[in-house]
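First up is the structure itself, then whatever we jot down about it.
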Amino acid sequence: MSQAADTTVVQADNAGDVPPYRYTAAMANEIEARWQDFWAENGTFHAPNPTGPLADPGHPRFGAEKLYVMDMFPYPSGSGLHVGHPLGYIGTDSYTRYKRMTGYNVLHPMGFDAFGLPAEQYAVQTGTHPRTTTEANVERYRAQLRRLGLAYDDRRSFSTTDPAFYRWTQWIFLQIFNSWYDPQARTARPIADLIAQFEAGTRQAPGGRPWAELTEVERRTLIDDHRLAYVAEAPVNWCPGLGTALADAEVTAEGRSERGNFPVFRRNLRQWMMRITAYGDRLLEDLDKLDWPDKVKTMQRNWIGRSVGAHVDFPFSGGDIRVFTTRPDTLFGATYMVLAPEHTAVDGIVPDAWPEGTRPAWTGGHATPAEAVADYRRFAAAKSDVERQADAKEKTGVFTGAYATNPVNGAQIPIFIADYVLAGYGTGAIMAVPAQDERDFEFAEVFDLPIVRTVQPPADFDGKAYTGEGPAINSADPESGLSLDGLGVADAKAKIIEWLEENGHGTGAVTYRLRDWLFSRQRYWGEPFPIVYDETGLPVALPESMLPVELPEVDDFSPRTFDPDDADTDPETPLSRVQEWVEVTLDLGDGPKKYWRETNTMPQWAGSSWYELRYLDPKNDKALVDPDNERYWMGPRDANDVGGVDLYVGGVEHAVLHLLYARFWHKVLFDLGYISSAEPFRQLFNQGYIQAYAYTDARGVYVPAEEVVETDGRYFWNDQEVRREYGKMGKSLKNVVTPDEMCEVYGADTFRVYEMSMGPLDVSRPWETRAVVGAQRFLQRAWRLVVDEQTGATRVVDDPTDAETRRLLHRVIAGVREDMDAMRFNTAIAKLIELTNRATTVSAVGASREVVEPLVLMMSPFAPHVAEELWHRLGHDETVAYVPFPQADPALLVAASVTYPVQVNGKVRGRIEVPADAPEEIVREAALAEVAGQLADKEPRKVIVVPGRMVSIVV
RNA sequence: GCGGGAGUGGCGGAAUGGCAGACGCGCCAGACUUAGGAUCUGGUGUCUUCGGACGUAGGGGUUCAAGUCCCCUCUCCCGCACCA
């Protein structure tokens with residue numbers, strides 16, 4: 001047998017003798033367009049605000065309990081949506097439609113993350129302005145989403161590229177720029193407070209010079225160094241061949257650009273940074289208060305990477321080398337030191353010649369330390385990240401020729417450089433304690449370095465490095481009297497830190513893996529910074545009145561490119577070439593002066609870092625959001641609540657960056673008093689992905705998936721066998737199925753029901769076009785309950801339904817409510833199908849209104865168009881959107897009689913039917929009588945009656 | 001390597017410790033049909049001597065009762081990956 005394989009789109013309707021009023025795709029399309037118009041014309045899904053232009057005291061939900069549900073907004077790509085994209089949108093749409101019917105004032109908006117690279121690249125290639133491309137793509141997305149019947153409040157939609165939107169992105173940047181973080185108060189504060197502290201002398205400038213003696217430039221530099229947004233030299237992936245810095249993700253493992261395959265150089269460039277590290281602790285702590293998947297919380301915790309330990313200074317002939325360690329308690333076991341090859345101190349410590357008695361194995365075979373170091377640095381720099389990982393087990397390094405002093409016991413310990421120490425973490429230098437650290441142990445084995453245990457391992461410990469708990473040993477210095485011996489790890493840490501601090505050798509310290517956020521890009525299609533530079537070269541914030549700083553028109557959207565191998569080049573941004581825009585004369589308080597605009601633009605993350613706030617008050621041109629509106633939609637519910645969006649749905653791929661940046665900005669705005677919620681997203685839900693099969697021929701070339709035919713478990717395309725693989729849906733894989741095709745062939749409601757019924761929302765699953773027909777059959781049966789397929793007449797009857805169907809109805813109502821509240825849409829739909837099938841079988845002439853009306857209402861979150869149509873045909877004039885969701889009659893949830901399975905020794909041996917209210921004794925007797933034959937002469941040892949469930953007899 | 005999650009029919013998936021496989025696809029049979037890739041009805045875990053036996057990755061345990069709880073093993077997926 002042959003059948004069309006999974007992604008084949010077949011024509012579901014047949015031209016033949018289809019009854020004229022059947023619920024076909026054509027019928028669905030007509031109904032859907034009509035109700036979409038109705039909703040748009042009537043503003044059905046407008047959500048009223050407490051105040052401002054979107055307030056509406058006449059709205060049925062004005063002042064009702066609120067629910068704010070948000071989807072991660074899409075980047076409107078040129079290829080449009082495929083069937084996987086709207087999965088989450090349909091989920092939140094179904095959920096919010098349900099919640100609206102249960103009385104909530106629901107806010108469910110949608111916007112577009114419209115700045116981004118693809119439009120710019122397209123612009124570079126074709127000369128089409130990115131705005132043109134972006135707007136066309138947004139329009140296409142809007143049309144696709146509208147066709148799915150998604151109930152957004154269209155007044156609240158925006159693109160991050162709208163000047164009216166990015167005006168506020170720039171405004172937030174100014175707030176951040178004009179703030180500093182006060183670690184004592186654990187809050188962001190206006191930069192004016194800091195200036196006041198310096199002026200008053202309550203805060204000292206570094207070096208102790210009085211504020212009054214500092215020059216204007218010195219003052220500004222000092223202040224700028226405290227700002228939450230600041231300019232700094234930062235290492236970036238500089239790609240001269242492309243003329244731009246690249247994100248890590250855009251660089252291949254071989255250290256070349258993904259696009260163009262040009263060399264990429266790690267280089268320090270002046271960049272805008274965001275001081276997100278100041279918020280490390282709070283970003284970490286507040287995770288505990290969020291209703292987020294543990295997986296995402298764990299990823300953020302790892303990303304922040306907080307470690308507690310100490311900074312310790314190791315003196316050498318030319319000064320100190322500072323290390324960070326989480327195990328200061330093992331200081332007596334530090335038998336050597338390692339610096340990262342790139343560590344800036346290396347050059348200063350290398351002596352002219354190898355010290356007396358240097359082991360040959362330590363020199364790498366070089367005549368002088370300088371040669372050995374230079375050679376090892378070349379070796380380390382040449383390694384790609386992938387090679388580094390692969391080589392992680394084999395430790396390499398070289399002796400620098402220098403020794404440092406272990407401050408606790410005065411021991412002279414050799415200093416190595418090795419690539420297992422990373423320049424970017426901690427201080428880029430470590431004290432090596434081979435007895436208590438696996439990596440150090442491996443290195444010590446290779447270079448034959450001493451290993452001194454300072455924690456007593458258990459008697460049965462046969463390993464190498466011991467990283468567990470135990471009493472300190474070998475940790476005393478008779479000269480200074482310092483001894484940790486006998487102390488547990490925690491106590492030893494506390495004692496040694498105290499000693500280090502008292503003796504000036506170090507201090508307790510906390511470090512983070514989290515780095516400050518590189519915030520500038522050498523691109524055109526992004527938000528311009530609201531920053532100019534004056535003659536000093538220092539940045540000056542533009543006043544709020546000059547916002548938005550709009551993107552100027554340019555002739556060429558691409559940055560200047562260079563010789564791909566010339567690392568010593570500097571980026572030239574597209575905006576820097578618009579001289580008449582860059583050079584401006586402004587009056588910023590000192591009279592008209594010449595200034596130069598910042599020509600970098602913001603990264604794509606900027607708009608998405610705060611958009612949840614703008615939906616609340618999108619028309620407000622006085623503030624980014626009115627406090628009353630923010631408090632109503634996002635404010636904390638009680639003293640322990642951090643507030644935020646009630647439900648945020650999106651893919652787990654944004655687990656770290658987007659969600660961390662958004663939390664950071666939100667906290668700054670919270671600290672500065674603009675909003676009442678301390679977190680942007682109270683609850684996070686990661687939807688699964690819709691995946692698809694793709695097929696390759698013998699050459700490994702993808703063939704159109706929809707033309708592949710399955711025969712007996714093998715796959716063929718044009719009679720040649722092809723290989724099946726499973727993964728993403730994508731143009732290049734030739735396996736894309738679009739929602740538009742689904743709407744055309746089945747209708748939007750069928751598509752929605754199918755996507756919601758195919759499994760729990762958080763589980764990824766394969767797309768199977770073949771299976772969509774199941775959802776269509778369900779809707780057709782439901783339709784047939786109301787509409788006569790031959791005449792189009794409404795055939796529902798007013799007689800009450802039978803008792804059994806009624807009980808089913810109420811069980812379904814109760815079950816669907818439970819499922820909807822828990823977002824178990826697949827099981828809710830299963831129950832609706834069951835009810836529909838039951839109603840179909842018991843209603844030869846016409847289904848009872850008693851059953852059909854609640855069914856239609858319960859269907860409406862999933863299949864809103866056909867539900868509206870049926871509701872209308874049932875004689876109602878209003879939209880179903882605000883009709884109360886059916887409620888179960890508790891009296892009907894208990895059956896009149898109960899069938900108990902009777903188990904004997906765990907096996908079902910019979911069934912009894914007893915009245916639901918039968919006392920346990922009656923159930924027991926009936927059960928024993930039922931299985932009397934099985935029991936024969938054996939005496940039951942135990943009889944367990946689980947009320948309403950079953951009887952279990954043990955013999 | 002470390003951390004987390006998951007393994008249930010041919011497929012997607014259901015099952016507060018209480019009758020495993022709801023619901024859907026597919027498949028089989030029937031009805032209506034010139035026709036069926038439409039629709040409707042019924043059936044569909046495996047084996048079976050037709051009594052029943054077996055069955056939730058594999059093995060062990062707790063329990064009257066285990067897909068569910070505990071221990072071990074295997075496989076797959078995800079995250080992190082020399083973070084001091």
Side-chain angles (χ1 to χ4, degrees), chain A residues 1 3-4 6 8 10-19 22 24 293-296 298-299 301-303 305-307 309 323-327 330 338 340 385 388-389 391-393 395 418-422 424-433 436-440 442-443 511-513 652 655-656 710 713 753-754 757-760 763-778 780-781 784 789 815 824 826-834 837 840-841 899-908 911 940-944 946 948-955:
Chain A
M1 116 230 86
Q3 64 199 20
D6 317 288
T8 307
V10 295
Q11 190 61 33
D13 298 335
N14 227 14
D17 56 347
V18 175
R22 171 160 294 170
T24 59
D294 286 337
K295 178 191 168 91
V296 176
T298 304
M299 285 166 74
R301 284 193 191 104
N302 291 342
W303 187 263
R306 182 179 196 267
S307 3
V323 304
F324 175 73
T325 176
T326 57
R327 293 295 302 274
T330 64
V338 184
D385 287 351
R388 251 193 195 210
Q389 279 172 35
D391 299 344
K393 269 164 252 146
K395 293 284 178 288
D419 66 355
Y420 85 95
V421 172
L422 308 176
Y425 185 77
T427 61
I430 62 159
M431 62 178 216
V433 187
Q436 274 86 226
D437 184 286
E438 283 164 25
R439 298 151 300 181
D440 296 344
E442 287 167 9
F443 190 85
T511 62
Y512 298 88
R513 207 186 75 109
V652 73
V656 178
E710 180 191 347
V753 169
Y754 172 64
S757 68
M758 60 200 287
V763 173
S764 295
R765 73 264 354 223
W767 177 259
E768 195 182 6
T769 298
R770 259 193 328 189
V772 178
V773 70
Q776 188 180 40
R777 286 179 191 148
F778 160 51
Q780 277 174 338
R781 278 198 289 275
R784 206 176 295 121
E789 289 192 327
R824 291 190 301 255
N826 54 327
T827 51
I829 290 172
K831 291 178 175 78
L832 295 176
I833 293 174
E834 242 179 300
N837 291 349
T840 299
T841 41
T899 303
Y900 282 83
V902 182
Q903 289 185 351
V904 178
N905 287 344
K907 300 261 185 265
V908 178
R911 284 168 209 289
R941 275 201 294 128
K942 203 168 175 185
V943 179
I944 298 149
V946 187
R949 283 290 184 181
M950 66 171 347
V951 182
S952 187
I953 298 167
V954 192
V955 295

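In what follows, chains carry the letters A, B, and so on, assigned in the order in which the sequence lines appear, proteins first and then strands, with residues in each chain numbered from 1.
A:V763 comes within 4.0 angstrom of the backbone, heavy atoms only, and of no base. Contact annotation for A:T511: no contact, since no heavy-atom pair falls under 4.0 Å across all strands. Counting non-hydrogen atoms under 4.0 angstrom, A:R784 reaches the backbone sugars and phosphates but no base.
In terms of phosphate contacts, A:R781 brings a side-chain nitrogen or oxygen within less than 4.0 Å of OP1 or OP2 of B:C40. The phosphate of B:G24 (OP1 or OP2) has a side-chain N or O of A:N837 nearer than 4.0 angstrom. OP1 and OP2 of B:G79 both lie 4.0 Å or more from every side-chain N or O belonging to A:K295.
Of all nucleotides present, only B:G7 satisfies the Watson-Crick or G-U wobble test against B:C74, with each distance under 3.5 Å. Shown here, B:C50 forms no base pair; nothing in the strands shown gives a Watson-Crick or G-U wobble contact with both key distances under 3.5 Å. Nucleotide B:G79 forms a pair with B:C2, judged by Watson-Crick or G-U wobble geometry with both contacts under 3.5 Å. Base pairing analysis places B:U62 opposite nothing; no Watson-Crick or G-U wobble pair with both distances below 3.5 Å involves it. A 3.5 Å limit on both hydrogen-bonding distances identifies B:U44 as the Watson-Crick or G-U partner of B:G26. Pairing of B:U39, defined by two Watson-Crick or G-U wobble distances under 3.5 Å, is identified with B:A31. Both distances falling under 3.5 Å, in either a Watson-Crick or a G-U wobble arrangement, occur for no nucleotide opposite B:G67.
Counting distance only, with no hydrogens placed and no angle test, the side-chain atoms of A:R941 and the base atoms of B:C64 include no donor-acceptor pair under 3.5 Å. No hydrogens or angles were tested; on distance alone, a donor-acceptor pair under 3.5 Å links the side chain of A:K395 to the base of B:C82.
Comparing the same atom, P, in B:G7 and in B:U44 gives a spacing of 26 Å after rounding to whole Å. B:C27 and B:G12 have their C1' atoms separated by 16 Å, given to the nearest Å. Distance noted for atom P between B:U63 and B:G79: 42 Å (whole Å).
Taking only side-chain atoms of A:P766, from C-beta outward, the nucleotide of B:G12, B:G24, B:G18 with the closest atom is B:G12. The side chain of A:S307 lies closest to B:A84 when the candidates are B:C19, B:A84, B:C82. For A:Q903, the listed nucleotide lying nearest its side chain is B:G18; candidates were B:G18, B:C78, B:C23. Relative to the side chain of A:R777, the nucleotides B:C64, B:A84, B:U39 differ in distance, and B:U39 lies closest. Checking B:A15, B:C82, B:A84 against the side-chain heavy atoms of A:F324 singles out B:A84 as nearest. The listed nucleotides are B:C25, B:A84, B:G24; the one nearest the side chain of A:R770 is B:C25. Of the candidate nucleotides B:U39, B:A84, B:C19, B:A84 has the atom nearest to the side chain of A:T326. Closest to the A:P760 side chain, of the nucleotides B:G18, B:A14, B:G26, is B:A14. Nearest nucleotide to the side chain of A:A830, out of B:G18, B:A84, B:C23: B:C23. Checking B:C23, B:A84, B:C19 against the side-chain heavy atoms of A:V421 singles out B:A84 as nearest.
Of all the heavy atoms in A:M431 and A:V323, the pair that sits closest is N-CG1, 3.7 Å.
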For this session: Evaluate the criterion side-chain contact (heavy atoms from CB on, under 4.5 Å) for residue pair A:W767 and A:V772; output intermediate values, then yes/no.
Result: CA-CA 9 Å; A:W767 177 259; A:V772 178; 4.1 Å; yes
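With RNA chain B read from its 5' end, the first of the two nearest nucleotides for A:G759 and A:V946 is the one closest to A:G759. Nucleotides of RNA chain B nearest to A:N826 and A:E789 differ in position, and the one nearer the 5' end is that of A:N826.
Aromatic ring centroids of A:W303 and A:Y512 lie 6.0 Å or more apart.
Using cut-offs of 30° and 60° for the angle between ring planes, the A:F324 and A:Y425 rings count as perpendicular.
Here the side chains of A:N837 and A:T841 are not in contact, with every heavy-atom distance at 4.5 Å or above. Residues A:I430 and A:Y420 are in side-chain contact: their nearest non-hydrogen atoms beyond the backbone lie under 4.5 Å apart.
If you take OH of A:Y754 and C1' of B:C25, they are 8 Å apart, rounded to a whole angstrom.
We find the CZ-CE distance between A:R765 and A:M758 to be 5.5 Å, quoted to the nearest 0.5 Å.
Annotated as anti: B:G10, whose glycosidic dihedral deviates from 0 by more than 90°. In B:G9 the base sits syn relative to the sugar, since the glycosidic angle is no further than 90° from 0.
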